[in-house]
Visitor: 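Got a structure here, written out as structure tokens. Questions coming.
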Amino acid sequence: MAVSCEQMENLITQLVDDELQGDEQKQAVAHLAECVDCNTIYEKQKELKLQLESTCQGVYAPAHLRARIRRSIRESAESGFLQAMAEVLSAHRFKSAVATVALLAIIVWPYSNLFVQSSGTNQAAEQHDLRFIAVRGKILCIDCEAMKAAGHIAICEIDHHLGLQDSAGKIWNFVNAEEGKKIIHDFSLMNKTMEIEGYALPGSFQNNISVQKFRKL
Amino acid sequence: MFGRKGHAGEYQDEFIKLSFEHMDALYSTALRLTRNQLDAEDLVQDTFVRAYRFFDKFESGTNFKAWIFKILTNTFINKYRKKVKEPQRVEFEKIEYATAEPETRKNLQDQIVENDKAYEEVFDDEIIAALDKLSDDFKIVVLLCDVHHFPYKEIATMIDKPIGTVMSRLSRGRKQLQKYLEEYAQNEGYIKRKSRKHSDGT
Ligand SMILES: [Zn+2]
Ligand SMILES: [Zn+2]
């Protein structure tokens, strides 16, 4: 064999990615034909590449994001100021809710005219709604409760849709974010009292919280 | 202030036509980088707003997808990386990336080959969990190469590093991922321990 197994390590990566040409490619292919070990590594890497591709490509941008981006492009075309605003606001989302609200109050107020002029639903309001909150209450199945309320016998059998009812009786739906997933599928939490921290999402038909943290009380 | 509309209209349409077809690809990458929907949406929005602002600097005829992905990765590195919470992230340098000794590595591979049908049963969740454990530098390169099929040369331009760095991050990143997936498979009992098989036979 013209190439050693050690030299193959780099060549395999390139072969998997179709980055080899000419003699190098020929030598690498020839080595694979004769060396079981390297061929195994090659096959495994190819398999991994395919798996990564199929997993990550099955993800689609939500429709509201398209709408939001379309709007912000329109706005940034209309005014360089609004575009700078969007950046300031989104940078501050990660800081405390209090700071964001304070900042909004200071910056947005004098320009509120401008927002009204530029578009009906403005970005500031949209982002303002995304505040970090903590809710406490009992974990229950939203679907079962809805059925009961409608006078039916409520049984989802295996696949309950967990949510939280706070002391005011409000029912919170967990948005399926990374942390949210863990609670939604953990039916052992049913009837437990918990505290959920996350972003309250705007929307009038139900209370949505994008879960960032949770703990049993 | 609102006077550029006529001309801006066409300019905007052109930008939207070129950029929106990459929205899903950008979002899926942003989601893997930030690991949560809200930050991913913000990152994608920032990317589009920036891309639009610098659109006059884009040379028409060159690869728009590569151009906007470069903006996404740069925005992530400069703005989001520090903000994303990193739970129990182990410093990569402290991990033996080469799956331990060559001997152990070989054994692992044998086990995989013996039971490769089980190995194929790797679900999306496990792939995502493995990706989440990867350090950002490796993850970016792996996503750009394996998911979006950018050539090494373009990835090198995007991350402002030589091609050699792209290659080494790629091969180390993949090794890490394989190690995580193998560990996972072993924990789940998908892969029978070779030692047990031997003690049966001899
Ligand atoms: Zn070999
Ligand atoms: Zn139920």
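Order of the sequence lines sets the chain letters (A, B, ...), proteins ahead of strands, with each chain counted from 1.
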Visitor: Relative to chain A, which segment of B:L26 carries a heavy atom at a distance below 4.5 Å: side chain, backbone, both, or neither?
Guide: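 Contact with chain A is absent: no heavy atom of B:L26 under 4.5 Å.
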Visitor: Hey, could you give me the CZ/OG1 distance between B:R174 and A:T13, rounded to the nearest 0.5 Å?
Guide: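 The CZ atom of B:R174 sits 6.0 Å away from the OG1 atom of A:T13.
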Visitor: Against chain A, work out which of B:F20, B:F48, B:Y152, B:Y27 has the most heavy-atom pairs shorter than 4.5 Å and name it.
Guide: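 Heavy-atom pair counts peak at B:Y152.
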Visitor: Checking A:Q14 against chain B: side chain, backbone, both or neither under 4.5 Å from a heavy atom?
Guide: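 Contact with chain B involves both backbone and side-chain atoms of A:Q14.
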Visitor: Which atom pair, heavy atoms only, marks the closest approach of B:L143 to A:C56?
Guide: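 Result for this residue pair: CD2-SG, 4.0 Å.
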Visitor: Can you find a pair of side-chain heavy atoms, one from A:E47 and one from B:Q178, that are under 4.5 Å apart?
Guide: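 A:E47 vs B:Q178: side chains apart.
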Visitor: If I measure from the heavy atoms of chain B, does A:E19 come under 4.5 Å with its side chain, its backbone, both, or neither?
Guide: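 For A:E19, the side chain is the part near chain B, not the backbone.
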Visitor: Can you check whether A:Q51 reaches B:E126 side chain to side chain, under 4.5 Å on heavy atoms?
Guide: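 A:Q51 does not reach B:E126 side chain to side chain.
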Visitor: Is A:V36 close to chain B through its backbone or its side chain, or both, or neither, when contacts mean heavy atoms under 4.5 Å?
Guide: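 Neither part.
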Visitor: Between B:V142 and chain A, with a heavy-atom cut-off of 4.5 Å, which part of the residue counts as in contact: side chain, backbone, both or neither?
Guide: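 For B:V142, the contact with chain A is made by the side chain alone.
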Visitor: If you tally heavy-atom pairs under 4.5 Å against chain B, which of A:L65, A:V59, A:N10, A:D17 wins?
Guide: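 Option with the greatest count: A:D17.
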Visitor: Which answer fits B:R32, side chain, backbone, both or neither, if we ask what part of it has an atom under 4.5 Å from a heavy atom of chain A?
Guide: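 Only the side chain of B:R32 comes within 4.5 Å of chain A.
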Visitor: Test side chain to side chain contact (heavy atoms under 4.5 Å, CB included) on B:L131 and A:L52; report intermediate values, then the result.
Guide: CA-CA 9 Å; B:L131 269 173; A:L52 287 166; 3.9 Å; yes
Visitor: State, to 0.1 Å, how close A:K49 and B:C145 come at their nearest heavy-atom pair, and which atoms those are.
Guide: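 Shortest heavy-atom contact: NZ-O, 3.5 Å.
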Visitor: Before accepting this row, confirm whether a basic side-chain N of the pair A:R66/B:E41 lies closer than 4.0 Å to the acidic partner's carboxylate O.
Guide: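 Between B:E41 and A:R66 there is no salt bridge, as every charged N stays at least 4.0 Å from the carboxylate O atoms.
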Visitor: Stepwise, does the side chain to side chain contact (heavy atoms under 4.5 Å, CB included) test hold for A:E53 with B:D146?
Guide: CA-CA 6 Å; A:E53 189 188 340; B:D146 288 350; 6.0 Å; no
Visitor: Is there a donor-acceptor pair under 3.5 Å between the side chain of A:Q57 and the backbone N or O of B:V147?
Guide: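 Yes, the answer is positive, given that a donor and an acceptor are paired below the 3.5 Å cut-off.
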